[in-house]
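Reading through the structure tokens given below for one structure.
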2 protein chains.
Amino acid sequence: MVQLDDLDRAILRILKEDARLTISEIAERLNRPESTIHFRIKKLQEKGIIDRYTIVLGKDLQPKALAVVYIQAETPIIEDFLERYILHIMKTLSLLPNVLAVARSGRDGVIALIGEESQEKLNRFVDETIKVLPTLKRVEVLPITDITKGNGIVGFLVDV
Amino acid sequence: MVQLDDLDRAILRILKEDARLTISEIAERLNRPESTIHFRIKKLQEKGIIDRYTIVLGKDLQPKALAVVYIQAETPIIEDFLERYILHIMKTLSLLPNVLAVARSGRDGVIALIGEESQEKLNRFVDETIKVLPTLKRVEVLPITDITKGNGIVGFLVDV
DNA sequence: TATGAAAGACATCATGT
DNA sequence: ACATGATGTCTTTCATA
């Protein structure tokens, strides 16, 4: 379906590290003419291999305390209620700026990545906004102490 | 510590959406002169508010099955062993291309975001690579069915 | 698809309001 | 903070292989 050669991959790797490098700089690093690099990048964009260009924000704007929160809803008698309830929770959380990411997990679960200025605020948020939700079976808070791979994820997600 | 005004925030929001817009395009959208936009962006970069520029890869290169895995180690008699064991697990996972992110959670926990081509492969990975680790107290697999906020996270993290 | 050359668009910087 | 203009660099296009 997608066929990338070594040159494509090399370009993608470079752009992932620094998407502001000029075509001539990339061309120089890869020992290819500028027009070739330009052509490849254009194709990668057209095919949607490169979805978009973005910025990663620095530490200053990032929350200092992070946690993954797993929310599991009580299974109700009426199946259809669960579905709507889960969607409601997800929509609600998605609107909050300190909720960096929201995902569904199975039929009855929601995973959220929460960011706050301090551990206290984070705990308070979990207590006052999540644990108060009705008919939950389980709320698991997994604090994030430090990120070893996929750092930059916070600067990528954080709202401004 | 960091003081951003509305213009700074507007610029950051625009760049987050499309970091390849030219300064003149941004200037036009915000009804400001190009020189001002240029100056602001330069400052934002110098201050590290903008950490870096990058690309988000499209669906084609993204894993189809995702899961958050929480790994908790058994608390040993010797405290120092736990520390080194956790670091070892994190380093090991970080090297694998299908492990998109690795974070530490408290003294005895590791959180990993796993991506695979299929649900079966993902299960196999958990069984054969994670559950075989010795002296674990708990392994919790939270499959991700679908992402409602922070989509793009996968295209941001995925290796090429 | 790859390349080289040429044209146009752009970022950058200095200077002044 | 904004305006203007000068400069060099980069992107983009196109003709050709």
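Letters A, B, ... mirror the listed sequences (proteins, then strands); counts begin at 1.
Residues from residues 21-43 of chain B that place a heavy atom under 4.0 Å from any atom of DNA chain D, listed by number: B:Arg32, B:Pro33, B:Ser35, B:Thr36, B:Arg40.
For the pair B:Lys131 and B:Phe125, the cation does not sit on the ring face, since its NZ or CZ is not both under 6.0 Å from the ring centre and inside 45° of the axis.
One can place CG of A:Leu44 at 14 Å from C1' of C:dT1, the figure rounded to the nearest angstrom.
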Could you go through the salt bridge (charged side-chain N to carboxylate O under 4.0 Å, His left out) check for B:Lys47 and A:Asp60 one step at a time?
CA-CA 9 Å; B:Lys47 287 189 224 157; A:Asp60 288 339; over 6 Å; no
Tell me, with the steps shown, if B:Arg104 and B:Ile86 meet side chain to side chain contact (heavy atoms under 4.5 Å, CB included).
CA-CA 8 Å; B:Arg104 180 162 188 175; B:Ile86 289 287; 3.8 Å; yes
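The residues B:Arg84 and B:Asp80 are annotated as salt-bridged, a charged nitrogen and a carboxylate oxygen being separated by less than 4.0 angstrom. With salt bridges taken as basic N to acidic carboxylate O contacts below 4.0 Å, none links B:Glu83 and B:Arg107.
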